[in-house]
A.B. asks: 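Questions regarding the structure given below will be posed in turn.
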Amino acid sequence: MSSTVGTSRPVTSTSPMLHSRSYPRWADDLPGFRKRLQDAWSDATIHEAFRSPTGVQVMPSHGQCGVSSAWLTETLAAAHVRDLSYCYGDVYSMDEPDRIEIGRHCWVEVTYGDDRLVVDLTGDQSEILRAHPVVCAWHDDLQTVLRVDYRPRHRMTPLQLQYDPVRTRLAVLRKLLEANR
């Protein structure tokens, strides 16, 4: 994986290129990361507040955003991606600005100058992003094309993330990923 910015390419696993800006080469790895994570998600990696009652059907990514974003933050940091933030906040509809599409959500952002590259491996928890299990797009493109607004309440650097309670579930996820190799 390289942190070098490459040529323009599609920015989600299911949609055409949203903007003429270039995307980092590691963006090509995101669908594979999502597949690996999805194969490792379990009741032990889901956030306890998002556990569903027995028999209730939810998307596999439901409640897995924090642990998945923590893993991605750690993975990108190890690949020397700079200006990386683990974000916690809400995803809003641009068509109904007060409507939260995904509340209490986690994702990763990489800052390039004045641009924010939003990376979300679990956006399909929401109906509005159901067709986009992997989102990697510039924030302003998400607002204009997909009509969503990722609004962080908190941001953490990879170093700060080392002290967050998500680390317990992240340790479990790492073991499951290793077992699935």
Side-chain angles (χ1 to χ4, degrees), residues 1-13 18-19 21-42 44-47 50 60-61 63-91 102 104-125 129 132-142 150-181:
M1 178 176 10
S2 169
S3 61
T4 307
V5 174
T7 60
S8 294
R9 58 173 109 329
V11 296
T12 72
S13 62
L18 298 176
H19 198 281
R21 286 174 281 195
S22 295
Y23 288 85
R25 290 191 181 142
W26 52 259
D28 291 337
D29 297 331
L30 296 173
F33 289 166
R34 162 63 191 240
K35 170 82 172 91
R36 281 189 63 214
L37 289 167
Q38 186 168 330
D39 290 346
W41 290 332
S42 71
T45 60
I46 193 170
H47 189 284
F50 291 93
S61 58
Q64 301 288 353
C65 60
V67 70
S68 298
S69 296
W71 179 86
L72 183 60
T73 299
E74 187 176 78
T75 300
L76 294 177
H80 308 290
V81 175
R82 296 177 187 224
D83 301 314
L84 188 60
S85 296
Y86 172 95
C87 297
Y88 169 79
D90 305 298
V91 181
I102 310 175
R104 298 172 47 203
H105 190 54
C106 299
W107 65 92
V108 176
E109 287 187 358
V110 184
T111 305
Y112 293 96
D114 293 334
D115 289 334
R116 291 167 41 203
L117 184 63
V118 174
V119 184
D120 185 354
L121 299 180
T122 63
D124 61 340
Q125 296 178 65
L129 292 173
H132 305 280
V134 173
V135 174
C136 179
W138 301 105
H139 183 258
D140 59 331
D141 287 338
L142 288 170
Y150 280 74
R151 296 183 199 167
R153 292 189 220 169
H154 304 287
R155 295 173 185 273
M156 283 187 267
T157 66
L159 181 61
Q160 292 167 323
L161 186 58
Q162 292 179 21
Y163 302 100
D164 191 81
V166 74
R167 301 298 293 176
T168 303
R169 290 182 295 121
L170 181 56
V172 172
L173 180 65
R174 275 196 225 106
K175 286 180 184 175
L176 292 168
L177 287 167
E178 190 61 36
N180 288 346
R181 281 202 161 196

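Residues take their numbers from the sequence shown, with the count starting at 1. Computation of the quantities below employed the complete heavy-atom set of this structure, encompassing side-chain atoms and omitting hydrogens, waters and symmetry-equivalent molecules.
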A.B. asks: Run the side chain to side chain contact (heavy atoms under 4.5 Å, CB included) test against S85 and tell me which residues pass, sequence neighbours left out.
C.D. replies: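 Expected list: C87, R155.
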A.B. asks: So, does S61 use its side chain to make a donor-acceptor pair with the main chain of Q64 at under 3.5 Å?
C.D. replies: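 No; judged by distance alone, with no hydrogens or angles, the pair does not exist.
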A.B. asks: Less than 4.5 Å apart, any side-chain heavy atom of Y86 and any of C106?
C.D. replies: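 A side-chain contact exists here, since the closest heavy-atom pair is under 4.5 Å.
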A.B. asks: If we only count heavy atoms from C-beta on, is the D124 to P60 side-chain gap below 4.5 Å?
C.D. replies: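 No - every pair of side-chain heavy atoms lies 4.5 Å or more apart.
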A.B. asks: What is the minimum heavy-atom distance between W41 and L121, and which atoms define it?
C.D. replies: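 Minimum heavy-atom separation between W41 and L121: CH2-O, 4.4 Å.
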A.B. asks: Could you go through the side chain to side chain contact (heavy atoms under 4.5 Å, CB included) check for C136 and V118 one step at a time?
C.D. replies: CA-CA 6 Å; C136 179; V118 174; over 6 Å; no
A.B. asks: Give the minimum heavy-atom separation between S69 and V108, together with the two atoms involved.
C.D. replies: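 Smallest interatomic distance, heavy atoms only, reads O-CG2, 3.5 Å.
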A.B. asks: For W71, is there any backbone N or O sitting under 3.5 Å from a side-chain donor or acceptor partner on E74?
C.D. replies: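 Not a single qualifying donor-acceptor pair exists.
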A.B. asks: Taking C-beta and beyond as the side chain, do V119 and V135 meet within less than 4.5 Å on heavy atoms?
C.D. replies: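 Side chain of V119 against side chain of V135, heavy atoms only: no contact under 4.5 Å found.
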A.B. asks: To the nearest 0.5 Å, tell me how far T111 OG1 sits from H139 NE2.
C.D. replies: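 Rounded to the nearest 0.5 Å, the OG1-NE2 separation comes to 11.5 Å.
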A.B. asks: Kindly say whether S42 contributes a backbone atom to a donor-acceptor pair with the side chain of T45 at under 3.5 angstrom?
C.D. replies: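 Yes; at least one donor-acceptor contact below 3.5 Å.
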A.B. asks: Quick one: pull up CG in D140 and CG in D115 and give me the separation to the nearest 0.5 Å.
C.D. replies: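 Atom-to-atom, D140:CG and D115:CG are 6.5 Å apart.
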A.B. asks: Which word best sums up how the rings of W107 and Y150 line up, parallel for under 30°, tilted for 30 to 60°, or perpendicular for over 60°?
C.D. replies: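 The rings of W107 and Y150 stand perpendicular, inter-plane angle above 60°.
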A.B. asks: So that I can tick it off, tell me whether D90 and R153 are bridged by a salt bridge, with the cut-off set at under 4.0 angstrom between side-chain N and carboxylate O.
C.D. replies: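 A salt bridge links R153 with D90.
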A.B. asks: Is a side-chain donor or acceptor of T73 paired with a backbone partner of P158 at a separation under 3.5 angstrom?
C.D. replies: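 Pair absent, no side-chain N/O of T73 close to backbone of P158.
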A.B. asks: Would D120 and H132 count as a side-chain hydrogen bond (donor to acceptor under 3.5 Å, both in side chains) here? Give the steps.
C.D. replies: CA-CA 9 Å; D120 185 354; H132 305 280; over 6 Å; no
A.B. asks: Judged by atom type as modelled, is there a donor-acceptor pair below 3.5 Å linking the side chain of R34 to the main-chain atoms of V134?
C.D. replies: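 Here the side-chain-to-backbone pair does not exist.
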A.B. asks: If I take atom CG from residue D83 and atom CD from residue E109, how far apart are they, to the nearest 0.5 angstrom?
C.D. replies: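 D83 CG to E109 CD: 12.0 Å, rounded to 0.5 Å.
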A.B. asks: Nearest 0.5 Å, please: how far is CG in L173 from CD in E178?
C.D. replies: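 Spacing of CD (E178) from CG (L173) equals 11.5 Å.
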A.B. asks: Considering all heavy atoms of both residues, which atom of T122 and which atom of C65 are nearest to each other, and what is their separation?
C.D. replies: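 Looking at all heavy atoms of both residues, the closest pair is OG1-CB, 3.1 Å.
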A.B. asks: Which is it for L177 and L37 under the side chain to side chain contact (heavy atoms under 4.5 Å, CB included) test, yes or no, and what are the steps along the way?
C.D. replies: CA-CA 7 Å; L177 287 167; L37 289 167; 4.1 Å; yes
A.B. asks: Please verify the inter-ring angle class for W138 with Y112; under 30° counts as parallel, over 60° as perpendicular, anything in between as tilted.
C.D. replies: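 Ring orientation of W138 relative to Y112: perpendicular.
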A.B. asks: State whether the side chain of Q38 and the backbone N or O of K35 hold a donor-acceptor pair below 3.5 Å, judged by distance alone.
C.D. replies: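 No; zero donor-acceptor contacts below 3.5 Å.
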A.B. asks: Measure the shortest side-chain to side-chain distance between L161 and V166 over non-hydrogen atoms and say whether it is less than 4.5 angstrom.
C.D. replies: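 Contact flag for L161/V166 side chains = yes.
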A.B. asks: Walk me through whether L72 and L30 qualify under side chain to side chain contact (heavy atoms under 4.5 Å, CB included).
C.D. replies: CA-CA 9 Å; L72 183 60; L30 296 173; 4.0 Å; yes
